[in-house]
There are 2 protein chains.
Amino acid sequence: MGTVSKALELLDLFTRGRPQIGLSELARLSDVNKATCYRLMSELQNHGLVEQVGAAREYRLGPAVLRLSALREAHVPMREAAMPVLQELARVTGETAHVSVLSCGQLRSIAHAYSGAFGTKVIMDDVHVLPFHATSSGMAVLAHLDGANQTAELQKPLLSRTANTETDPAKLAQRLRDIAALGYAESAGGYEAEVHSFAVPLFDSAGACSGGLAVASPRSRVTPDQTRVTLAALTRAGRELTELWGGTLPPAIDDKWRALA
Amino acid sequence: MGTVSKALELLDLFTRGRPQIGLSELARLSDVNKATCYRLMSELQNHGLVEQVGAAREYRLGPAVLRLSALREAHVPMREAAMPVLQELARVTGETAHVSVLSCGQLRSIAHAYSGAFGTKVIMDDVHVLPFHATSSGMAVLAHLDGANQTAELQKPLLSRTANTETDPAKLAQRLRDIAALGYAESAGGYEAEVHSFAVPLFDSAGACSGGLAVASPRSRVTPDQTRVTLAALTRAGRELTELWGGTLPPAIDDKWRALA
DNA sequence: ACCGTCGGTTCGAATAATAAACCATCTACG
DNA sequence: CGTAGATGGTTTATTATTCGAACCGACGGT
């Protein structure tokens, strides 16, 4: 693995629950030698991606990330457009909603919204890359990808995250066919045992699948009624977001979603 | 220079005016060998910091930057807090307003706001790191830094950006004393020949200078009247932002700013 | 005074980055 | 149609950079 990748992996250790990390702990968490870790962090620091703060000289993300993000949003305003849609989706369903985009063969979560309706909710703060086979978003996207990309993904090793994760390529392929026929995907605890989620695919201007929109809830709150409400809201939001991002819904999907409204 | 720094410099080539760059052009702009450039970009791409798009396979900033920025803002919400203050400042003065923060000895611009009042305005889109000696923000910050950091900065080479840039360390030190006495800084074309700006320092909870707040205008619009309006708005906004960021204004500054209100 | 941990540094050995040349592909243009 | 010059991407031996064990001084608790 290249040096740059190591440095970037260090960046990924910062999460909502662990926003500041000292040098030694960083080295421990990353399995990188402390000296190496120090040098890498120093380089990141020189470019403002991280900064050191306080007497303990702990590292945290620096001001330069704001510039990068503002620049990306100025050029490709996805997150900003998605936020109100997400918030409405979270409000209507009472559950956690999140969007992810397909980028270079990876599905990356870019925004999420919570609902205050219940004392428990699914936390999405620290999720970056979604595994295709173990999440509803991933399966929704995969099911609507062209055949080549889909089979390529199915041939990669399918890691089991819970007892409910589907790891058999043949069975997964069948499931993807079902999902493509339904127009939405469902994951019953495939990512985290207690999390149940529904997802719909999103499409770009060429009509290719470009991301996923999902609602995740504790499995205990999943009922036929709630499922109906969720799917209706999800398809409505999916239609809206696809449009906001300048995409077009394939007619086949449009038909299936109408049936769920 | 380390490999990581090279990769990060590639990231800095993306600007508002040049948001997508092909491989060959990237290599040309960065003076890095094309093969090297390709490898570096591939590593950045694997982590989602950049993505390739379109038939030309041009690179642009990727979705991962959104996560980093959201994480930073969740932990240190500076930008979000600053935006309304900046917008109001831009509105009242009719000119461009911007904030910068001190991080690891560098002054980095983190947000700016424009006014629609005039057909010409100062553009801050592509400015990342502000030179201390050539900008009003830089001088305002430098003047309120502790002696050691200040002299350290004065000993670095002072690059001349325009005919009006002060590059004599002794004269600059005198100017910093004047600025400290006034409570604000003024730069008459020290950064760009046609840009005139005023800035005030911002302070953290320990009362140490942590950044700068500035208003920049074309020099032709600077009049005694406008200067008075600008300084009043600037000190008001500086007081507000220092408070929003959880800082405390040193009493000496407070007094000076009252006189300008 | 001891022990463990912290951030930071050193230096020879080992590894990863480098640059030039090379491909295949595309577009422009005569 | 065919050439010329772009482009993105790949390979190679050479070389420079990165690596990691051990070390340092400082701090905090026992």
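Within every chain, numbering begins at 1; the chains are lettered A, B, ... in the order of the sequence lines, protein sequences first and strands thereafter.
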Whether over 12 other heavy atoms sit under 6.0 Å from E80(B) CD: no
Surrounding CD of E243(B) (heavy atoms of other residues, nucleotides or ligands, distance under 6.0 Å), is the total greater than 12? no
Rounded interatomic separation in angstrom, taking [atom1] from [X] and [atom2] from [N]:
| X | N | atom1 | atom2 | result |
| --- | --- | --- | --- | --- |
| K34(B) | dC23(C) | NZ | P | 13 Å |
| R57(A) | dG7(C) | CZ | P | 10 Å |
| L23(B) | dC23(C) | CG | P | 19 Å |

Short heteroatom pairs, N/O only, protein and nucleotides 15-20 of chain C, under 3.5 Å:
{"from": "dA17(C)", "atom 1": "OP1", "to": "T3(A)", "atom 2": "N", "distance (Å)": "2.8"}
{"from": "dA17(C)", "atom 1": "OP1", "to": "T3(A)", "atom 2": "OG1", "distance (Å)": "3.1"}
{"from": "dT18(C)", "atom 1": "OP1", "to": "K6(B)", "atom 2": "NZ", "distance (Å)": "2.8"}
{"from": "dT18(C)", "atom 1": "OP2", "to": "R39(B)", "atom 2": "NH2", "distance (Å)": "2.4"}

Of the non-hydrogen atoms in [X] and [Y], which two are nearest, and what is the gap between them?
| X | Y | answer |
| --- | --- | --- |
| I21(A) | L13(A) | CD1-O, 3.7 Å |
| E43(A) | S5(B) | OE1-OG, 2.5 Å |
| A180(B) | H144(B) | CA-NE2, 4.0 Å |

Boundaries of the chain A footprint along DNA chain D (any atom under 4.0 Å from a heavy atom): dT18(D) to dA21(D)
Name of the residue among E73(A), R79(A), M78(A) meeting side-chain contact (heavy atoms from CB on, under 4.5 Å) with V76(A): M78(A)
Give E25(B) one of three labels, base, sugar-phosphate or nothing, depending on what nucleic acid heavy atoms sit under 4.0 Å from its own. nothing
When we call it a touch if two heavy atoms are under 4.0 Å apart, what does Q52(B) touch: a base, just sugar-phosphate, or nothing? sugar-phosphate
From the list Q106(B), R72(B), R108(B), side-chain hydrogen bond (donor to acceptor under 3.5 Å, both in side chains) partner of E51(A) resolves to R72(B)
Taking only N and O in the side chain of R28(A), is any of them less than 4.0 Å away from OP1 or OP2 of dC6(C)? yes
Using a strict cut-off of less than 4.0 Å between a Lys/Arg side-chain nitrogen and an Asp/Glu carboxylate oxygen, indicate whether R18(A) and D126(A) qualify as a salt bridge. no
